[in-house]
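Read through the structure below, which is laid out as structure tokens, and then see the notes.
Here, residue 1 is the first one in the sequence, and each next residue gets the next number. Order of listing sets the numbers, starting from 1, for every ligand and every atom in it.
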Amino acid sequence: MDNTISNLVKISELLGDGQCHDGTSIGKKCGITRAAVSKVIKKFKEYGVEIQSIKGKGYLLEKPLILLDAKKIKKNIKTLSLIIDILEKVGSTNDYLKNDSDQDNKVKICVAEMQTKGRGRLNRQWHSPFGQNIYFSLRCSFQKDMSELSGLSLVTGLAVCNAITSITHADNLAVKWPNDIFVDQQKIAGILIDIDAGSNGFCNAIIGIGINVNMQNALKKEIDQPWNSLQKITGEYIDRNLLCAELINSLMNYLERFSKSGLSDFINEWKERDCLFGKSVALMSGQKKIMGIGAGINAQGHLALKMPDKTEKTFFSGDATLLK
Ligand code: BTN
């Protein structure tokens, strides 16, 4: 973690008691100069963090803010050898890992406090304000053919649900094929996987995950579909460090099982969380709109739809919408 973000973490921890602190005492307690304190406060304001500057008194944080902290995350993860880069600001965590010079076969993770070019599926943008949500990418490789990786996004979706459930105890998380996480028909998380064929029969994958955690507001132009966040659902502010650690633990477990046995291990879990099953679905596949009833997934992870003529068809790509 670079020095700038560690100063952000220290000051947010201090202001986290909800009291007013003046610049000099913040500097002393955090072991930094008064000028460095002003720089951090200025940055917080630029990033949209609600901090009041009270004349003659100091600074006051208006809402809780627990920033990402490598120590807290590492304390709670089971795989000790992982490399985790925590960034204050990045274009996209997926692109960061793609362009990273250290491309060996080890698992590498990047988490950021904000993204300026967060990417969603189908060339959409992913709204990524500072300090509120999880913007996470994990790079790994599989000794599999590209075609065998079609189930990877589904398995990732289940791992995300598992991690969220163990931190929040929310019991109504559902997956929407191929890789959205929904609560009551509102999107709470999304997955974007970039895959390329490596050498020696390996495929490299960058698994990008965005989870709406403590986000309370967003303008329609920022998110153009119904959305929700974990704080809105549970009524509680969530420490993203704990969720991030749980996400890593859950992913390591699910990805290892996927690597060994493929998708077959997960078919039942998918059934339990599949929000399209038995429902009227519209699937946009290229320019075509296909209507059918959700009938689960096949062994490759393709979407099965029961067609109006009662036959069943499977689709390997597309954008599915649940019809009311
Ligand atoms: C979607 O539902 O359309 C996929 C959203 C994926 C967003 C995440 S946030 C971390 C990673 N970096 C990105 O630029 N995108 C993914």
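In summary, the atoms of ligand 1 found under 4.0 Å from a heavy atom of Gly120, numbered by their order in the structure, are 1 (C), 3 (O), 4 (C), 5 (C). Listed by number with element, the atoms of ligand 1 under 4.0 angstrom from any heavy atom of Thr93 are 10 (C), 11 (C), 12 (N). Using a 4.0 Å cut-off to heavy atoms of Arg121, the atoms of ligand 1 that qualify are 1 (C), 3 (O), 4 (C). The ligand atoms of ligand 1 that sit less than 4.0 angstrom from a heavy atom of Ile191 are 2 (O), 4 (C). With ligand atoms numbered from 1 in the order given, ligand 1 contributes 14 (O) to contacts under 4.0 Å with heavy atoms of Gly118. Remark: ligand 1 atoms within the under-4.0 Å shell around heavy atoms of Asn94 are 11 (C), 12 (N).
A side chain to side chain contact (heavy atoms under 4.5 Å, CB included) with Glu13 is found for exactly one of Leu15, Val9, Ile11, namely Val9.
Within the 4.5 Å cutoff, side-chain heavy atoms of Lys187 are placed close to those of Gln225.
Checked by atom type, the side-chain pair Tyr47/Glu113 shows no donor-acceptor distance below 3.5 Å. Looking at Asp17 and Gln19, their side chains never bring a donor and an acceptor atom within 3.5 Å of each other. Counting only N and O atoms by type, the side chains of Asp309 and Thr311 include a donor and acceptor under 3.5 Å apart. Side-chain atoms of Gln115 and Thr93 form a donor-acceptor pair, as typed in the model, at a separation below 3.5 Å.
Within the 4.0 Å heavy-atom criterion, neither part of Asn179 lies near ligand 1. Contacts of Arg124 with ligand 1, taken as heavy-atom pairs under 4.0 Å, are absent altogether. When heavy-atom distances to ligand 1 are checked against a 4.0 Å cut-off, Asp180 comes that close only through its side chain, counted from C-beta outward.
Considering both main-chain and side-chain atoms, Ser92 comes within under 3.5 Å of ligand 1 through a nitrogen or oxygen pair.
Ring-plane geometry between Phe258 and Phe266 is classed as tilted, the angle between the planes lying from 30 to 60 degrees on a 0 to 90 degree scale. Relative orientation of the Phe130 and Phe44 rings is perpendicular, given thresholds of 30° and 60° on the angle between their planes.
In the candidate list Lys187, Lys117, Arg119, Lys187 is nearest to atom 2 (O) of ligand 1, counting heavy atoms.
Among all non-hydrogen protein atoms, the one lying nearest atom 12 (N) of ligand 1 is Gln115 OE1, 2.9 Å. Nearest protein neighbour of atom 5 (C) of ligand 1, counting heavy atoms only, is Trp126 CE3, 3.4 Å.
Between the side chain of Asp145 and the backbone N or O of Glu148 there is no donor-acceptor pair closer than 3.5 Å.
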